[in-house]
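One structure is given below, encoded as structure tokens.
Computed from a prediction, not measured in an experiment: that's the story for all the values here.
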Amino acid sequence: MEMNCFNHRVFLLTLLLPIVVILVEGQSTRVGFYSTSCPKVESIVSSTVQSHFKSDPTIAPGLLRMHFHDCFVQGCDGSILIDGPNAEKTAPPNQLLRGYEVIDDAKTQLESVCPGVVSCADILALAARDSVVLTSGASWAVPTGRRDGTVSQSSDANNLPGFRDTVNVQKQKFADKGLNTQDLVTLVGGHTIGTAACQFFSYRLYNFTSTGADPSINPAFVSQLQALCPQNGDGSRRIGLDNSSANKFDTSFFANLRDGKGILESDQRLWTDNSTKTFVQRFLGVRGLLGLTFNVEFGKSMVKMSNIGVKTGTAGEIRKVCSKVN
């Protein structure tokens with residue numbers, strides 16, 4: 001009798017399990033979420049990003065960073081876009097983000113075609129992908145179906161990855177979001193496009209040690225950087241994070257780390273720590289190691305990141321205006 005009861009329970013569990021799986025899958029993002037409700041969403045976002053990029057190429061790295069900063073705070077819910085005196089965008093790590101006008105432009109166009117359908121969070125995810133493509137990177141399929149968050153607080157941005165972080169701190173911050181060490185190195189590789197202000201790295205050039213500059217910087221490169229960022233000079237002056245090709249999405253960023261030419265201390269540390277150095281070497285195709293294709297892996301890691309803490313189903317909302325909660 002006890003065995004019959006056990007078998008009955010197993011039979012019920014077997015019946016219920018597929019239903020549970022279907023429910024879980026139904027709560028997630030998927031490629032083509034808007035295929036019937038707003039089929040032109042991707043073409044509208046793409047053309048909008050391209051239009052702004054033509055007049056200002058710096059919006060490409062700006063949108064990529066914005067998506068990253070959005071996902072690491074409250075999940076990928078567009079909370080970085082909300083205005084307010086204490087909103088996320090006012091936090092120190094977010095104050096130099098740019099590209100908000102691109103998202104607003106795309107949202108305005110989408111509201112005229114598909115009112116109340118496409119979330120600001122999805123627009124940002126698509127715009128980040130399009131920015132990589134416009135800078136000669138490879139495309140990837142972006143899962144959509146995120147809904148917009150209604151909370152945006154600057155205090156929540158305190159734990160974003162920082163330019164002074166050790167590798168262990170970086171690894172922990174990524175692990176807290178479900179991302180592994182390969183994801184960390186891959187996504188930091190997004191620094192192959194864009195710039196950093198002198199104020200975020202000039203401390204490495206002067207009195208870093210008792211003998212002078214940060215010893216992990218190539219000595220010949222130190223003098224170049226000192227000329228660009230003189231001591232007590234303009235801290236807002238911006239320098240390419242990838243000094244070889246700051247406007248092209250490629251692997252030269254990793255070659256720079258190998259050569260001691262990483263701009264940010266947190267970036268250069270990926271070469272000096274063995275746990276991350278291996279992945280840098282694999283992206284560079286070092287002989288004896290299993291190679292990794294940066295463009296392919298970047299898309300995979302971006303999809304993982306873009307699913308951090310997403311709000312789907314009935315959670316959150318679809319904002320009418322990206323900068324304001326409904």
Side-chain angles (χ1 to χ4, degrees), residues 49-50 52-70 72 80 89 91-103 124 127-137 157 160-165 170 185-206 213-214 216-218 220-271 280 294 298 302:
V49 175
Q50 187 169 7
H52 285 264
F53 178 80
K54 282 180 179 177
S55 58
D56 181 10
T58 65
I59 62 98
L63 290 168
L64 185 58
R65 303 275 135 75
M66 189 188 295
H67 182 42
F68 179 90
H69 284 223
D70 183 40
F72 264 71
I80 187 67
K89 62 170 62 174
N94 293 333
Q95 287 175 2
L96 296 177
L97 289 178
R98 46 202 319 276
Y100 295 106
E101 70 281 5
V102 183
I103 305 302
L124 181 52
R129 185 270 312 274
D130 296 337
S131 296
V132 170
V133 173
L134 285 169
T135 50
S136 303
L160 278 165
F163 58 91
R164 291 178 185 257
D165 286 352
Q170 292 181 69
V185 177
T186 304
L187 292 170
V188 170
H191 285 169
T192 182
I193 56 173
T195 60
C198 290
Q199 61 184 304
F200 297 121
F201 64 88
S202 58
Y203 68 91
R204 301 178 67 205
L205 310 177
Y206 309 96
D214 182 344
S216 69
I217 307 177
N218 184 315
F221 193 48
V222 170
S223 57
Q224 291 180 44
L225 291 178
Q226 287 176 334
L228 294 168
C229 299
Q231 196 167 15
N232 302 317
D234 181 5
S236 65
R237 183 176 184 183
R238 304 191 71 82
I239 307 299
L241 283 165
D242 177 352
N243 66 294
S244 302
S245 55
N247 298 313
K248 185 177 181 184
F249 202 89
D250 55 23
T251 58
S252 62
F253 169 79
F254 296 116
N256 290 337
L257 300 187
R258 176 197 63 201
D259 298 338
K261 295 181 177 180
I263 300 295
L264 301 181
E265 186 177 14
S266 56
D267 288 355
Q268 189 58 54
R269 281 174 164 162
L270 299 182
W271 180 257
V280 176
F294 179 49
F298 191 79
M302 282 292 286

Which atom names give the shortest non-hydrogen contact between [X] and [Y], and what distance separates them?
X      : Y      : answer
Leu160 : Pro93  : CD1-CB, 3.8 Å
Leu96  : Phe200 : CD1-CE1, 3.6 Å
Asp267 : Val188 : OD1-CG1, 3.3 Å
Ser223 : Ala220 : OG-O, 2.9 Å
Asp234 : Cys198 : O-CB, 3.9 Å
Trp271 : Leu257 : CG-O, 3.6 Å

### Query
Judged by atom type as modelled, is there a donor-acceptor pair below 3.5 Å linking the side chain of Asn94 to the main-chain atoms of Ala91?
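Here the side-chain-to-backbone pair does not exist.
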### Query
Do the side chain of Arg65 and the main chain of Arg98 share a donor and acceptor less than 3.5 angstrom apart?
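The answer is no, because no donor-acceptor pair under 3.5 Å joins these two groups.
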### Message
List the residues meeting ring-ring contact (aromatic ring centres under 6.0 Å, His included) with Tyr206, not counting sequence neighbours, and say none if there are none.
### Response
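Listed in chain order: nothing, the list is empty.
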### Query
Hey, what's the ring geometry for Phe249 with Phe294, parallel, tilted or perpendicular (30° and 60° as the breaks)?
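If you compare the ring of Phe249 with that of Phe294, the planes turn out parallel.
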### Message
According to side-chain hydrogen bond (donor to acceptor under 3.5 Å, both in side chains), who are the partners of Asp250, at least two apart in sequence or on a separate chain?
### Response
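Residues passing side-chain hydrogen bond (donor to acceptor under 3.5 Å, both in side chains) with Asp250: Thr192, Ser245, Ser252.
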### Query
In chain order, what residues pass the salt bridge (Lys or Arg N to Asp or Glu O under 4.0 Å) check against Lys89, with sequence neighbours excluded?
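Lys89: salt bridge (Lys or Arg N to Asp or Glu O under 4.0 Å) contacts with Asp83.
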Apply the side chain to side chain contact (heavy atoms under 4.5 Å, CB included) test between [X] and each candidate in [options]; give the one that qualifies.
X      : options                : result
Leu64  : His191, Arg129, Met302 : Met302
Val49  : Val133, Ile103, Val102 : Val102
Phe201 : Leu241, Asp214, Ile263 : Ile263

### Message
Run the side chain to side chain contact (heavy atoms under 4.5 Å, CB included) test on Thr58 and Arg238 for me, step by step, so that the C-alpha distance in whole Å, both residues' side-chain angles and the decisive distance to 0.1 Å come before the verdict.
### Response
CA-CA 11 Å; Thr58 65; Arg238 304 191 71 82; over 6 Å; no
### Query
Side chains of Asp259 and Phe221: does their closest heavy-atom pair fall under 4.5 Å?
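When only atoms from C-beta onward are counted, Phe221 and Asp259 do not touch, as no gap falls below 4.5 Å.
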### Query
Side-chain contact, heavy-atom cut-off 4.5 Å: Leu134 with Gln50?
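When only atoms from C-beta onward are counted, Gln50 and Leu134 do touch, with a gap below 4.5 Å.
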#### Entry: CG on Leu63 to CG on Asp70, rounded to 0.5 Å
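Result: 12.0 Å between the selected atoms.
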### Task
Scan side-chain atoms only and decide if Ser216 and Arg269 contain a donor-acceptor pair under the 3.5 Å cut-off.
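No, no side-chain donor-acceptor pair sits under 3.5 Å.
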